[in-house]
Amino acid sequence: MAGHREVLTRRWDALVARLGVDDRLAGRALAQLLTAHEGADRHYHDLRHLEECFELVDSMPDLVGADRDCVEVALWFHDVVYDTRATDNERRSAEVAAGFLGDAGRVDLVARVVEAIEMTAGHAPVSRSPVLDAVHDADLAILGAAPHRYDEYAHAIRTEYAHVGDEDFRDGRARVLRSFLAMKQIYIRSDMALHEVEARRNLEREVRALATAG
């Protein structure tokens, strides 16, 4: 996890420098973000997830200026509140992001960042803006990962929901996976086409595994 911390800290420092955030505020916010993502209950929604999201963003050269800043802030905060027993994680995470931006004097970014974070609650694959499209695709990039990484992700999600019985988990998880497969397209950006193919293979494979488990 130390490697992820170092890489992400450098990225955070570059982001807050661009935004003109006071060093003390930036440091407090980073400590909050790192602590949240290193929680004992985090098995997938952790620092590695953040780093993978940013790696995908780095492959989007068209994402520049304020749009890129909004995407990065939204990704940093989109899982800052994560409780598998709750239903309002995205709203609460958006509130934390809005508070940070308000304290930083960057209220000009609040509306777009809040919208992007709250969008992750439903992930409707409809192109609306460069910010929303990038956050949507980055957050779901794991679905199109290499099979071994996808399997790690699926196992980690099961661990995060350890309080749910096997049968209930299989039923709920299968519903979620089938909802993705029912989408005309999972990803929005045209440069995600290859991820789309792999994502559908991974999802179909996990659905089959769930159906034969137990």
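- To the nearest 0.5 angstrom, Glu90 atom CD is 9.5 Å from Tyr82 atom OH.
- With rounding to the nearest 0.5 angstrom, the CD atom of Glu55 is 7.5 Å from the CG atom of Asp58.
- The backbone N or O of His4 sits nowhere less than 3.5 Å from a side-chain atom of Arg48 that would complete a donor-acceptor pair.
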(request) Let me see the working for Tyr187 and His195 under side chain to side chain donor-acceptor pair (under 3.5 Å), right down to the final yes or no. (result) CA-CA 8 Å; Tyr187 300 111; His195 292 266; 5.2 Å; no
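- Residues Leu181 and Ile157 fall within the same hydrophobic cluster, defined by Ile, Leu, Val, Met, Phe, Trp and Tyr side chains chained together at heavy-atom separations under 4.5 Å.
- Both Leu177 and Met183 belong to a single network of hydrophobic side chains, linked directly or stepwise wherever heavy atoms of I, L, V, M, F, W or Y lie under 4.5 Å apart.
- Between the side chains of Glu160 and His43, no donor-acceptor pair of N or O atoms lies under 3.5 Å.
- Connection of Val164 to Val176 is established within a shared hydrophobic cluster, with ILVMFWY side chains joined at heavy-atom distances below 4.5 Å, either directly or through further cluster members.
- What you find for Leu56 and Ala138 is that their closest heavy atoms are CD2-CA, 3.5 Å.
- A salt bridge links Arg5 to Glu38: at least one charged side-chain nitrogen sits closer than 4.0 Å to a carboxylate oxygen.
- Val131 and Ile188 sit in two unconnected hydrophobic clusters of ILVMFWY residues. Membership requires side-chain heavy atoms under 4.5 Å apart, directly or through other members.
- To the nearest 0.5 Å, atoms CG (Asp137) and CE (Met60) are separated by 5.5 Å.
- Across all their heavy atoms, Ala98 and Val114 have their closest contact at CB-CG2, 3.9 Å.
- The pair Arg173-Asp168 fails the salt-bridge criterion, with no side-chain N (NZ, NE, NH1 or NH2) lying under 4.0 Å from an Asp/Glu carboxylate O.
- Under the 4.5 Å side-chain criterion, counting only non-hydrogen atoms from C-beta, Asp62 is not in contact with Pro130.
- Side-chain contact between Glu72 and Arg11 is present, with heavy atoms from C-beta onward closer than 4.5 Å.
- In this structure, the side chains of Asp69 and Arg106 stay at 4.5 Å or more apart for every pair of heavy atoms.
- Going from atom OG1 of Thr159 over to atom CG of Asp41 covers 11.5 Å, rounded to the nearest 0.5 Å.
- Of the charged side-chain nitrogens involved, none lies within less than 4.0 Å of a carboxylate oxygen, so that Asp22 and Arg28 do not count as a salt-bridged pair.
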(request) Kindly indicate, with the supporting measurements, whether the criterion side chain to side chain contact (heavy atoms under 4.5 Å, CB included) is fulfilled by Arg68 and Val71. (result) CA-CA 5 Å; Arg68 185 183 181 92; Val71 168; 5.5 Å; no
(message) For Asn89 and Asp79: C-alpha separation, side-chain torsions, deciding distance, then whether side chain to side chain contact (heavy atoms under 4.5 Å, CB included) applies.
(response) CA-CA 7 Å; Asn89 291 322; Asp79 287 324; over 6 Å; no
(message) Before you tell me yes or no, could you show the steps for Leu25 and Val16 under side chain to side chain contact (heavy atoms under 4.5 Å, CB included), namely the whole-Å CA-CA distance, both residues' side-chain angles and the distance that decides it to 0.1 Å?
(response) CA-CA 10 Å; Leu25 173 60; Val16 294; over 6 Å; no
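- A distance of 4.5 Å separates CG of Leu109 from SG of Cys70, quoted to the nearest 0.5 Å.
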(request) Could you give me the CA-CA distance, side-chain angles and deciding distance for Leu101 and Val107, then say whether side chain to side chain contact (heavy atoms under 4.5 Å, CB included) is met? (result) CA-CA 6 Å; Leu101 289 170; Val107 294; over 6 Å; no
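- Side chains of His49 and Asp139: a donor-acceptor N/O pair is present below 3.5 angstrom, by distance only.
- Ring geometry for Trp12 versus Trp76: interplanar angle over 60°, hence perpendicular rather than tilted (30 to 60°).
- Using a cut-off of 4.0 Å between Lys/Arg side-chain N and Asp/Glu carboxylate O, Arg91 and Asp88 are scored as salt-bridged.
- Looking only at atom types and distance, the side chain of Glu152 has no donor-acceptor partner in the side chain of Tyr44 under 3.5 Å away.
- Ion pairing of Arg128 with Glu115 is absent here, as no side-chain N (NZ or NE/NH1/NH2) approaches a carboxylate O to less than 4.0 Å.
- Glu118 has its side chain out of reach of Ser93: every pair of non-hydrogen atoms, C-beta onward, lies at least 4.5 Å apart.
- Contact of the Leu203 side chain with the Arg178 side chain is not registered, since no non-hydrogen atoms from C-beta on lie closer than 4.5 Å.
- Contact annotation: the side chain of Phe54 never approaches that of Glu51 to less than 4.5 Å [non-hydrogen atoms, C-beta and beyond].
- Using modelled atom types, one side-chain atom of Glu196 and one backbone atom of Ile186 make a donor-acceptor pair closer than 3.5 Å.
- Ion pairing of Arg149 with Glu198 is absent here, as no side-chain N (NZ or NE/NH1/NH2) approaches a carboxylate O to less than 4.0 Å.
- Residues Asp191 and Arg189 are paired through a salt bridge, judged by an N-O separation under 4.0 Å between the basic side chain and the carboxylate.
- A heavy-atom distance below 4.5 Å is not found between the side chains of His136 and Thr120.
- A donor-acceptor pair under 3.5 Å is absent between the side-chain atoms of Asp46 and the main chain of His37, judged by distance alone.
- Of all heavy-atom pairs between Ile117 and Ala94, the closest is CG2-N, 3.8 Å.
- With hydrogens and angles disregarded, a donor-acceptor distance shorter than 3.5 Å links the side chain of Asn202 to the backbone of Leu143.
- Other residues, nucleotides and ligands contribute more than 12 heavy atoms inside 6.0 Å of the CG atom of Asp108.
- Judged purely by atom type and a 3.5 angstrom limit, Thr9 has no side-chain atom pairing as donor or acceptor with the backbone of Glu6.
- Leu19 has its side chain within reach of Val73: a pair of non-hydrogen atoms, C-beta onward, lies under 4.5 Å apart.
- A cation-pi contact, defined as under 6.0 Å to the ring centre and within 45° of the axis, links Arg158 to Phe169.
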